[in-house]
Amino acid sequence: MNNKMSFKKGDYVLVISGDDKGKKGKIVSIFPKKMQVIVESVNFLKKHTKPTQNVPQGGVIKQEGALHISNIKLICNKCNKPTTVKREKIKEGKRVRVCKKCKEIIDKV
Ligand SMILES: [Zn+2]
């Protein structure tokens, strides 16, 4: 099983399934062990907060929930299409991600 995360913080991704299908956003956090990411402004979950002195009735805050990486696709910054990345090229000693569609190197080296 390939359990390497092919996503990085700052990647622009498209949600391909679930309630937020079709939404795009930037990855703000990644959880490699769970293979999950948090995408900016996507998959908002309502969280109830406990009543406090200032807000005695309690409140609801919205917070982005984690998405499994199988639900997102990277948007290539070269061809601008949702794509699958291949980790294959080595450039200047670094492994870089390559877009399967346009074969361009996605990462800046
Ligand atoms: Zn591409």
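We count ligands from 1, going down the list as the structure has it; atoms in each ligand are counted the same way. For this chain, numbers begin at 1 and follow the sequence in order.
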Point to revise | Of all pairs that satisfy salt bridge (charged side-chain N to carboxylate O under 4.0 Å, His left out), the ones with a partner from residues 15-37, not counting sequence neighbours | key: Asp20-Lys23
Point to revise | Proximal protein heteroatoms (N, O or S) of the Zn ion (ligand 1), under 2.8 Å | key: Cys76 SG, Cys79 SG, Cys99 SG, Cys102 SG
Review point. Taking the side chain as C-beta and beyond, is there a heavy-atom pair between Lys73 and Thr84 under 4.5 Å?
Key: yes
Point to revise | Same apolar cluster (I L V M F W Y, side chains within < 4.5 Å links), Ile30/Val15 | key: yes
**Study point:** Set of residues satisfying salt bridge (Lys or Arg N to Asp or Glu O under 4.0 Å) with respect to Lys8, sequence neighbours excluded
**Key:** Asp107
Review point. For Lys9, which residues count as a salt bridge (Lys or Arg N to Asp or Glu O under 4.0 Å) partner, sequence neighbours excluded?
Key: none
Check your understanding: Applying the 4.5 Å side-chain criterion to the ILVMFWY set and letting contacts propagate, would Tyr12 and Ile38 be lumped into a single cluster?
Key -> no
